[in-house]
Amino acid sequence: ENDNENDKNNENDNEIENENIENQHFDDENNQSNNDNNETNKQLVVCRACDQNIRGKAVKIDQGFWHPECFVCYHCQLPFADGAFIEKDGYVYCVEHYKTLFSTCAACGQIVDDDQALEVFGKIWHENCFVCTICKNQFKGGRCIQKGGKPFCSRECAAKM
């Protein structure tokens, strides 16, 4: 399964909410409102970007809360001009930088569109680029051997590496 499918893109799955969280406390397990009187279990909501407490408006997506001014691409630090972002490992990226950073083919280094992506050995590949490292043949029956993170069609080809 393609790791990219597990990452959250706001055009598909994420809901962005501008929420007023003034005077609310959340437990640190799952950011659920905690209204009991046990102060030791309560903490203020912390911005994922700047690690400062949030009072007032917040942007909320699946992975947490951000100050509205902190909700920017983790890589380029610019706001999401078209509103599109992708979340990965608790960080948000503009689509351009997400693709550059995480969706490049292990063989050719070019960006891989989701509809062309294969994930094998924890790497992303174009379907046409996922071939034996030595003989460049496609894998018959979907079987291949990994050596040094590279795919091989047979033990003989792997031994040549």
Side-chain angles (χ1 to χ4, degrees), residues 1-131 133 142 144 146-151:
E1 179 160 318
N2 186 343
D3 223 8
N4 291 341
E5 292 173 10
N6 294 329
D7 298 331
K8 301 276 184 155
N9 183 325
N10 80 324
E11 295 172 333
N12 299 325
D13 298 329
N14 276 343
E15 291 184 25
I16 302 175
E17 301 173 23
N18 281 318
E19 231 177 70
N20 190 342
I21 59 173
E22 191 80 41
N23 299 323
Q24 288 188 36
H25 293 275
F26 294 81
D27 68 35
D28 59 349
E29 298 258 335
N30 55 15
N31 285 336
Q32 296 298 310
S33 184
N34 181 354
N35 294 320
D36 68 21
N37 291 325
N38 183 356
E39 291 296 323
T40 60
N41 290 334
K42 293 181 179 180
Q43 70 180 37
L44 291 172
V45 174
V46 175
C47 176
R48 296 282 310 202
C50 71
D51 293 324
Q52 300 296 311
N53 291 338
I54 300 176
R55 297 187 188 282
K57 294 280 184 190
V59 175
K60 177 184 175 190
I61 61 168
D62 291 342
Q63 294 296 314
F65 295 88
W66 283 258
H67 291 106
E69 63 275 12
C70 293
F71 192 68
V72 296
C73 174
Y74 182 72
H75 184 75
C76 67
Q77 299 297 304
L78 294 174
F80 306 108
D82 58 2
F85 69 92
I86 300 173
E87 184 276 330
K88 180 175 178 64
D89 300 329
Y91 299 99
V92 287
Y93 299 88
C94 60
V95 174
E96 175 188 348
H97 286 117
Y98 176 86
K99 286 185 176 185
T100 302
L101 295 168
F102 303 110
S103 295
T104 55
C105 178
C108 72
Q110 298 296 311
I111 292 175
V112 181
D113 292 325
D114 287 341
D115 61 339
Q116 303 173 346
L118 289 176
E119 182 182 349
V120 184
F121 310 138
K123 298 178 182 179
I124 305 296
W125 310 76
H126 288 107
E127 289 180 33
N128 293 338
C129 290
F130 187 64
V131 295
T133 302
C144 65
Q146 174 185 336
K147 181 178 177 185
K150 297 182 179 187

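On a predicted model such as this, the values are computed, not experimentally measured, just so you know.
At a threshold of 4.5 Å between non-hydrogen side-chain atoms, the residues Pro151 and Val131 do not count as touching. By the 4.5 Å heavy-atom criterion applied to side chains, Thr104 and Ile124 are not counted as neighbours.
With sequence neighbours left out, the salt bridge (charged side-chain N to carboxylate O under 4.0 Å, His left out) criterion links Lys150 to no other residue. Residues satisfying the ring-ring contact (aromatic ring centres under 6.0 Å, His included) test with Phe121, not counting sequence neighbours, are none. Remark: Gln110 pairs with Cys108, His126 by the side chain to side chain contact (heavy atoms under 4.5 Å, CB included) rule, at least two apart or across chains. Asn128 meets the side chain to side chain contact (heavy atoms under 4.5 Å, CB included) test with no other residue; sequence neighbours excluded. Checked against side chain to side chain contact (heavy atoms under 4.5 Å, CB included), Phe80 has the following partners two or more places apart in sequence or in another chain: Phe71, Cys73, Phe85, Val92, Cys94.
The two residues Tyr98 and Ser103 make their nearest non-hydrogen contact at CE2-OG, 3.5 Å. Among all heavy-atom pairs drawn from Trp66 and Ile54, the shortest one is C-CD1, 3.8 Å. Of all heavy-atom pairs between Val72 and Leu78, the closest is CB-O, 3.4 Å. Among all heavy-atom pairs drawn from Pro68 and Lys57, the shortest one is CD-O, 3.5 Å.
In the displayed structure, Tyr74 atom OH is contacted under 6.0 Å by at most 12 heavy atoms of other residues, nucleotides or ligands.
Between the His67 side chain and the Asn53 main chain, a donor and an acceptor come within less than 3.5 Å of each other.
Residues in residues 91-101 take part in these salt bridge (charged side-chain N to carboxylate O under 4.0 Å, His left out) pairs, two or more places apart or across chains: Lys99-Asp113.
Considering NZ of Lys123 and SG of Cys129, their distance stands at 13.0 Å, rounded to 0.5 Å.
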